[in-house]
Each structure stands twice: as C-alpha cells, then as structure tokens.
Amino acid sequence: MTYRTISVNKIAGALGAEISGVDLARSNLDDEVIGEIRQALIDNCVIFFRNQNLTPDQHLAFGRRFGELQIHDFVEGMEDNEEILEVRKEADEMRNFGGGWHSDVSYLEKPALGSVLYARDVPAYGGDTMFANQYLAYETLSDGMKDMLGRMRAMHSARKSYGLYSLRATQNVKSAMNIRFTEEAHGEVDHPVVRTHVESGRKCLYVHGGFTTRFQDMTEEESAPLLDYLYSHAVRPEFTCRFRWEKGSIAFWDNRCVQHNAINDYHGQRRVMHRVTIEGERPV
Ligand code: SIN
C-alpha cells in the first residue's frame with residue numbers, strides 16, 4: 001500500500017507501524033488523511049504516532065473520526081469527559097491496568113473496534129506495551145485445529161476483572177482508578193472463536209486470557225486445556241511487537257485482530273495515559 005498524505009514505517013515483522021507527517025490536534029484533518037490512517041491501521045493492526053500534543057477534546061475528536069466512543073461500564077471516566085479513561089498507576093501502587101494479554105471489552109456484545117491511547121506521563125524506563133497479531137495466531141494453526149475452532153464459539157465475561165470475587169476486589173488492591181466491582185460483571189456473551197475482520201476480510205483468533213471464560217456449551221474445566229494452549233500460542237514472540245512510550249506518543253490498535261499487554265515493570269514510578277475506545281460491531 002502506498003500513502004499520499006502520511007508516512008508509514010513498520011516497526012516489526014509481525015505488526016505495528018509508526019506514522020509520521022500528521023498533527024492529530026488539527027480538527028480539520030481531511031477525509032483523505034483519516035482514510036489513510038484507517039488503511040494503515042488495517043494494514044498494520046496497530047499504529048503509533050510520536051510528539052503529539054492533544055487536549056482531551058482533540059483526543060475525543062480524533063477518536064470520533066473512526067466511530068462512536070464507548071463509556072467504560074466498570075471504570076469511571078474523567079470527570080469532564082467520561083469517554084476518556086485515565087489509565088493511571090501511581091508510584092506507590094503495585095497493580096497496573098491492562099496488564100496481561102487481552103483485547104479490550106470483549107465481554108460486550110459489541111466489543112471495541114479500536115483504542116487510542118495517549119501518553120501524558122511516562123516512567124523513565126519500563127511501562128512499554130506489547131501487541132500480538134491474531135491473524136498470524138490463526139494462520140499458523142494446523143488445518144484440523146482451524147477447522148474445529150471455526151465451528152466453535154467462546155464465552156467472554158468481565159467477572160475476572162470487575163466481578164465481586166475478582167482479585168482486585170477481594171484483595172482490596174490499591175488503585176488510583178475508580179473501579180466498580182459488581183454483580184453486573186458476572187454476565188457472559190458468546191463470540192466466534194475465529195472471527196472474520198469486516199474490513200480486511202481475513203480470519204483471526206478471538207480468545208484471550210483477559211475475558212474469555214470457556215467454550216460455549218462446555219465447562220471451564222473442559223475448556224481450560226485448549227484455551228490455555230491458544231492463549232500461549234497467540235502471543236508467540238514472532239507474532240508481537242513492543243512499543244516504548246514517550247510523553248506525547250499515541251498507540252491506536254485494532255482490538256478485532258490484536259491482543260495487547262501493558263507491562264508492569266515500573267514500580268515506584270508514575271504512568272498516566274488517556275484512552276478513548278471506539279465502538280465496534282458484533283464479531284462474525
Ligand atoms: C489498556 O489495556 O488499555 C492499557 C494499555 C496500556 O496502558 O499500555
């Protein structure tokens with residue numbers, strides 16, 4: 001793919017590209033630029049921008065160019081902008097938000113299309129985010145496994161993170177973020193184990209350790225061996241890239257075909273990011 005209005009440079013073999021030549025604070029970015037950014041996202045699964053200077057309103061405006069924004073069901077958004085999730089870990093906290101491989105809000109009937117994460121305050125070292133390409137995860141399975149998984153559905157739930165018996169809730173883990181632990185998080189929705197990306201037309205694996213609980217019509221115990229295999233297969237090093245944050249960096253990932261993992265290796269330092277989350281469609 002050639003681009004006319006932006007420069008796109010891949011950062012790894014599996015996925016990820018850095019985009020330059022665009023100031024995202026501009027409210028009047030023309031449709032051609034937005035179209036090329038969208039194409040770069042589809043082509044690379046996650047895209048990165050450096051040295052951006054966005055107000056919360058500009059961040060929201062950029063996100064809205066790609067769809068409706070979601071309000072998180074269990075984590076309170078910012079006071080004046082509830083569609084912005086402040087992903088914050090203070091120097092005296094041990095647990096981070098988004099640690100562990102996952103795809104955002106897959107416990108919803110319509111999970112997120114994408115997330116746009118903007119770095120406001122970053123640690124001197126550590127706090128990188130990793131991404132894994134779920135097209136490659138699917139394509140590298142055997143034909144027999146692809147065939148079987150292609151006929152299966154899996155259940156997703158928010159209960160491990162936001163349920164009444166989640167680790168954070170029961171161990172009373174200190175958090176700068178205002179998280180609601182509730183019975184509402186205990187519900188389940190089902191999605192195909194192999195989903196077809198509506199824009200690329202390609203198939204990818206859509207189960208992950210964050211919110212997938214079991215295969216449909218099976219118990220958690222019955223599902224665990226195969227799910228555990230898929231979780232580790234899905235994030236093989238050669239399917240990943242790793243992003244080193246700087247203040248003003250942005251990562252925009254496609255939750256439909258990417259898992260990500262916020263690495264919690266910066267205890268004693270503060271990290272503050274703002275996330276807007278773009279609504280997607282029901283996975284097919
Ligand atoms: C998230 O999962 O949205 C957080 C990712 C990060 O903080 O790097």
Side-chain angles (χ1 to χ4, degrees), residues 11 15-16 18 41 45-50 52 54 59-60 62-63 66 69-78 81-91 93-108 111-132 134 156 158 160-162 166-168 173 175-179 208-212 231 234-235 240-267 269-280:
I11 69 155
L15 79 169
E18 201 162 305
L41 180 70
C45 305
V46 53
I47 51 179
F48 307 104
F49 302 83
R50 297 279 186 194
Q52 299 291 324
L54 296 185
H59 188 186
L60 289 166
F62 176 68
F66 299 89
L69 302 184
Q70 294 181 323
I71 296 173
H72 204 284
D73 287 285
F74 307 108
V75 186
E76 203 169 280
M78 287 181 69
N81 294 296
E82 55 178 353
E83 290 150 316
I84 297 183
L85 192 66
E86 188 165 81
V87 176
R88 182 150 58 101
K89 182 176 176 244
E90 295 294 349
E93 288 181 63
M94 293 305 284
R95 189 88 194 256
N96 71 339
F97 178 89
W101 287 102
H102 66 286
S103 170
D104 290 330
V105 299
S106 70
Y107 50 80
L108 297 177
L113 176 157
S115 303
V116 182
L117 191 70
Y118 176 47
R120 295 212 157 261
D121 192 0
V122 294
Y125 52 85
D128 297 358
T129 306
M130 292 189 71
F131 300 88
Q134 299 307 288
H156 297 241
K160 265 193 281 174
S161 299
Y162 308 115
S166 60
L167 271 187
R168 266 187 198 266
V173 177
S175 176
M177 298 172 70
N178 201 356
I179 303 178
H208 60 90
F211 303 123
T212 310
Y231 297 159
V235 299
T240 69
C241 71
R242 178 170 177 143
F243 186 59
R244 171 89 197 105
W245 292 97
E246 293 162 1
K247 187 171 158 58
S249 301
I250 288 181
F252 182 178
W253 60 89
D254 187 336
N255 281 293
R256 299 167 293 186
C257 56
V258 168
Q259 289 192 41
H260 61 285
N261 184 353
I263 300 175
N264 192 14
D265 62 349
Y266 56 98
H267 302 315
Q269 303 184 72
R270 184 173 201 253
R271 182 177 184 270
V272 182
M273 321 290 274
H274 282 182
R275 186 178 102 186
V276 303
T277 313
I278 302 156
E279 174 137 294

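Computed over heavy atoms, backbone and side chain alike; hydrogens, waters and symmetry mates excluded. Every number for a ligand or one of its atoms is a count from 1 in the order of the listing.
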Does a donor on one side chain sit under 3.5 Å from an acceptor on the other, for His156 and Ser106?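 Yes, because at least one side-chain N or O of His156 sits under 3.5 Å from a partner of the opposite role on Ser106.
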Only one of Gln269, Arg270, Lys89, His267 clears side-chain contact (heavy atoms from CB on, under 4.5 Å) with Pro123; which?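 The side-chain contact (heavy atoms from CB on, under 4.5 Å) with Pro123 is passed solely by Gln269 among Gln269, Arg270, Lys89, His267.
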Between Phe62 and Tyr118 (judged by ring centroids, cut-off 6.0 Å), do the two rings come close enough to count as a pair?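 That pair fails the under 6.0 Å test.
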Between Phe252 and Phe66, is the gap from one ring center to the other below 6.0 Å?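 Judged by ring-centre distance (under 6.0 Å), Phe252 and Phe66 do meet the cut-off.
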Hey, mind stepping through His260 and Trp253 against side-chain hydrogen bond (donor to acceptor under 3.5 Å, both in side chains) and telling me if it holds? CA-CA 9 Å; His260 61 285; Trp253 60 89; 3.3 Å; yes
Are there any N/O pairs under 3.5 Å between ligand 1 and the protein, and if so, what are their distances?
unit_1   : atom_1 : unit_2 : atom_2 : d
ligand 1 : 2 (O)  : His102 : NE2    : 3.0
ligand 1 : 2 (O)  : His260 : NE2    : 2.9
ligand 1 : 3 (O)  : Arg275 : NH1    : 2.7
ligand 1 : 7 (O)  : Arg271 : NH1    : 2.8
ligand 1 : 7 (O)  : Arg271 : NH2    : 3.4
ligand 1 : 8 (O)  : Thr129 : OG1    : 2.6
ligand 1 : 8 (O)  : Arg271 : NH2    : 2.8

pair Ser175-Phe97: side-chain heavy atoms closer than 4.5 Å: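 Not touching, per the 4.5 Å side-chain cut-off.
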